[in-house]
Peer 1: 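Below you'll find the structure I mean.
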Amino acid sequence: MKDRKWDLAALASIPLIMTLGNSMLLPVLPQISRELHISSFQASMLITVYGLMAILMIPVAGYLSDRYGRKKVILPSLLIAAAGGAVCVAAAWFAKGASAYGFIIAGRVLQGIGAAGAFPIVLPFVGDLFKDEKVVSKSLGLIETSNTFGKVLSPVLGAYLGLVLWYAPFIAIPVLCIISFLLVLFLVGKPEPGEETAKMGIREFMSCIGGILRQKGRWLYAIFAIGGICMFVTFGVLFYLSETLEAKYNLHGAMKGYVLAIPLAVLCLASFGTGKIIGQNKTRMKWLGFGGMLLLTGAVVMAGFNSGIYMLTGFLSLGGIGIGIALPCLDALITEGIEQENRGTITALYSSMRFIGVALGPPVVSLLMSRGHWQVFGTMSGLGVAGGLLTLFAVHPSQEKRGGGNREAGPGLRRLPHIKTQRAR
């Protein structure tokens with residue numbers, strides 16, 4: 001295996017930049033509300049519309065990446081995301097009020113389309129580049145760490161940019177996307193010989209995907225749901241903290257950004273450490289994922305009993321550790337459990353569920369906050385319990401090697417001889 005560190009570094013720039021392009025807005029949403037004279041719910045839709053478009057387009061991008069190649073999908077997608085950021089900047093510069101808001105929403109739609117063909121395709125791309133499952137797990141941990149590091153950096157960077165101009169975070173988006181485009185263009189090579197994806201017609205492709213979901217649906221659907229829960233809680237907490245720090249504690253600008261970064265920083269560290277230790281042990285992935293969801297649930301419940309800024313931030317940070325433990329385990333189970341021919345589409349479906357969490361978190365929490373403190377934390381803790389139960393009862397990983405044979409597969413799985421049981425691999 002050739003040294004792929006530069007390929008991996010370039011690919012890691014994508015989740016970092018896509019996360020910055022979305023999460024940088026969280027600390028400046030109250031400021032955007034004031035500038036455009038819109039409600040906090042309308043401001044939260046700037047996050048939601050991005051996620052909704054990604055949800056719709058991710059399966060399409062996954063299929064195209066399986067059919068035509070990962071890089072051929074990622075590069076145009078980065079340019080589309082850059083164009084979306086440029087539309088937002090133009091709207092903020094030339095329009096005012098409701099008119100500006102409408103055009104910014106349109107720009108965010110473009111960004112969501114671009115995001116659909118960028119970060120979700122990175123996960124199967126990493127699986128394509130490496131043959132050793134241990135290396136794949138470690139690399140996916142690095143990708144997830146890059147994603148979470150973007151979340152750590154985004155509130156601080158967004159808050160500082162907001163001090164310059166309320167729409168400065170939008171200006172940063174095209175610049176960052178072009179940087180990532182150049183890195184991928186020049187540093188990422190093709191998979192090693194023998195690792196290229198086989199090209200299938202649409203009917204055969206859909207038959208194979210249907211076969212995968214029939215045979216592996218139990219654990220795949222569970223992981224899809226857990227991923228969505230993790231992102232719902234992450235973005236819901238960020239929105240809640242952003243609003244609470246301004247309204248209750250009068251924290252603005254960079255100081256608010258630093259407080260928002262604390263739970264995300266520990267999430268990032270937990271993600272990095274988990275990626276290092278899970279290796280090829282799928283049983284370990286399951287139980288670490290379960291432990292992460294258990295920790296998240298307990299931390300959110302305790303946060304509900306504490307309204308002081310220090311205890312609230314501390315317990316939410318503990319919940320961030322739980323999410324940081326769970327996410328690399330989910331990534332590895334998905335990527336290593338699906339063969340290369342269909343990996344892009346299955347991981348795309350998983351990414352769609354994560355984006356559902358991203359899209360729903362801020363507006364749902366915005367509505368729950370008007371109904372009371374425990375409406376927010378009761379909902380989040382209930383979702384944590386659901387995620388833990390799904391991990392415990394629906395994910396049953398075996399220790400079979402990826403690519404093992406199976407002569408008993410049905411006709412819908414003729415291109416997927418490795419599928420035999422309901423268990424995650």
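Note that the coordinates shown come from a computational prediction; the quantities given were computed from them, not determined experimentally.
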Peer 1: Going from OG1 on Thr244 to CG on Leu260, what distance comes out if it is rounded to the nearest 0.5 angstrom?
Peer 2: 10.0 Å
Peer 1: Quick one, Trp166 and Ile32 - any side-chain contact, counting heavy atoms below 4.5 Å?
Peer 2: yes
Peer 1: Please name the residue in the list Val365, Leu238, Leu296 that meets the side-chain contact (heavy atoms from CB on, under 4.5 Å) test with Val233.
Peer 2: Leu296
Peer 1: Which value, rounded to the nearest 0.5 Å, describes the distance between Thr234 atom OG1 and Ile323 atom CD1?
Peer 2: 3.5 Å
Peer 1: Got more than 12 heavy atoms from elsewhere within 6.0 Å of CZ, Phe224?
Peer 2: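 More than 12 heavy atoms, drawn from other residues, nucleotides or ligands, come within 6.0 Å of this atom.
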Peer 1: Which pair of non-hydrogen atoms, one from Glu243 and one from Pro30, has the smallest distance, and what is that distance?
Peer 2: OE2-CG, 3.8 Å
Peer 1: Which heavy-atom pair separates Ala118 from Ser77 by the least distance, and what is that distance?
Peer 2: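 In this case the closest contact between Ala118 and Ser77 is N-CB, 4.0 Å.
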Peer 1: Using modelled atom types only, decide if a donor and an acceptor are shared between the side chain of Lys286 and the backbone of Leu392 within a distance under 3.5 Å.
Peer 2: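 Yes; at least one donor-acceptor contact below 3.5 Å.
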Peer 1: Val122 pairs by side-chain contact (heavy atoms from CB on, under 4.5 Å) with which of Asn147, Leu8, Leu11?
Peer 2: Leu11
Peer 1: Locate the shortest heavy-atom distance separating Val184 from Lys71; write the atom from each residue and the value.
Peer 2: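 Residues Val184 and Lys71, closest heavy atoms: O-CE, 3.3 Å.
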Peer 1: Is a donor on one side and an acceptor on the other found under 3.5 Å between the side chain of Lys256 and the backbone of Glu246?
Peer 2: no
Peer 1: Between Tyr167 and Val28, is any pair of side-chain heavy atoms under 4.5 Å apart?
Peer 2: no
Peer 1: What I want to check is whether the side chains of Ser40 and Ser33 have a donor and an acceptor closer together than 3.5 Å.
Peer 2: no
Peer 1: Taking 4.0 angstrom as the limit, do Asp331 and Arg354 come out as a salt bridge?
Peer 2: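 Salt bridge: yes.
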Peer 1: How many angstroms lie between atom CG of Leu264 and atom CG of Leu26, to the nearest 0.5 angstrom?
Peer 2: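 Interatomic distance, Leu264 CG to Leu26 CG, rounded to 0.5 Å: 9.0 Å.
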Peer 1: Quick check: closest heavy atoms across Met18 and Leu78, and the distance to 0.1 Å?
Peer 2: CE-CD2, 3.9 Å
Peer 1: Do you know which two heavy atoms are closest between Pro174 and Ala86, and how far apart they sit?
Peer 2: CG-N, 3.6 Å
Peer 1: Whether the side chain of Ser180 engages the backbone of Cys177 through a donor-acceptor N/O pair (distance < 3.5 Å, no angle test) should be reported.
Peer 2: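 No; zero donor-acceptor contacts below 3.5 Å.
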Peer 1: Can you list every pair that meets salt bridge (charged side-chain N to carboxylate O under 4.0 Å, His left out) and has a residue in residues 42-59, with sequence neighbours left out?
Peer 2: none
Peer 1: Considering non-hydrogen atoms only, spot the tightest contact between Val73 and Ile121 and give its length.
Peer 2: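 Looking at all heavy atoms of both residues, the shortest contact is CG1-CG1, 4.3 Å.
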Peer 1: Start with the C-alpha distance between Phe290 and Val395, add both sets of side-chain angles, then the distance that settles side chain to side chain contact (heavy atoms under 4.5 Å, CB included), and finish with yes or no.
Peer 2: CA-CA 10 Å; Phe290 174 71; Val395 179; over 6 Å; no
Peer 1: Any heavy-atom pair between the side chains of Leu368 and Tyr240 that's under 4.5 Å?
Peer 2: no
Peer 1: Kindly determine whether Leu327 and Met231 satisfy side chain to side chain contact (heavy atoms under 4.5 Å, CB included), including the steps that lead there.
Peer 2: CA-CA 9 Å; Leu327 286 177; Met231 300 316 294; 4.2 Å; yes
Peer 1: Take Leu367 and Phe41 through the side chain to side chain contact (heavy atoms under 4.5 Å, CB included) test and state the conclusion after the steps.
Peer 2: CA-CA 8 Å; Leu367 295 174; Phe41 178 81; 4.2 Å; yes
Peer 1: If we only count heavy atoms from C-beta on, is the Trp219 to Ile223 side-chain gap below 4.5 Å?
Peer 2: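 Yes, their side chains come closer than 4.5 Å.
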Peer 1: Under a 3.5 Å distance rule, please check whether Thr19 uses its side chain to pair with a backbone N or O of Gly150 as donor and acceptor.
Peer 2: no
Peer 1: Val188 versus Phe125: any side-chain heavy-atom pair under 4.5 Å?
Peer 2: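 The answer is yes; the side chains approach within 4.5 Å.
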Peer 1: Could you give the distance from CZ (Phe170) to CD1 (Ile104), rounded to the nearest 0.5 Å?
Peer 2: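 Phe170 CZ to Ile104 CD1: 5.0 Å, rounded to 0.5 Å.
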Peer 1: Tell me if a side-chain donor or acceptor on Ser366 pairs with a main-chain N or O of Pro362 at a distance below 3.5 Å.
Peer 2: no
Peer 1: Quick one: CE on Met285 to NZ on Lys282, what's the gap to the nearest 0.5 Å?
Peer 2: 5.5 Å
Peer 1: Would the distance check show the side chain of Ser146 and the main-chain N or O of Leu142 forming a donor-acceptor pair, the cut-off being under 3.5 Å?
Peer 2: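 No, Ser146 side chain to Leu142 backbone: no donor-acceptor pair under 3.5 Å.
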Peer 1: Examine distances only and state if a side-chain atom of Tyr101 and a backbone atom of Gln42 form a donor-acceptor pair shorter than 3.5 Å.
Peer 2: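 Confirmed, Tyr101 side chain pairs with Gln42 backbone.
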Peer 1: For Leu75 and Phe181, run side chain to side chain contact (heavy atoms under 4.5 Å, CB included): C-alpha distance rounded to whole Å, both residues' side-chain angles, the deciding distance at 0.1 Å, then the answer.
Peer 2: CA-CA 6 Å; Leu75 290 175; Phe181 175 88; 3.7 Å; yes
Peer 1: Drop me the distance from Ile173's CD1 to Ile17's CD1, to the nearest 0.5 angstrom.
Peer 2: 11.0 Å
Peer 1: Check whether any side-chain heavy atom of Thr274 sits under 4.5 Å from a side-chain heavy atom of Cys329, and report yes or no.
Peer 2: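 They are in side-chain contact.
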Peer 1: Tell me whether Ser271 contacts the main-chain N or O of Leu267 through its side chain, where contact means a donor paired with an acceptor under 3.5 Å.
Peer 2: no
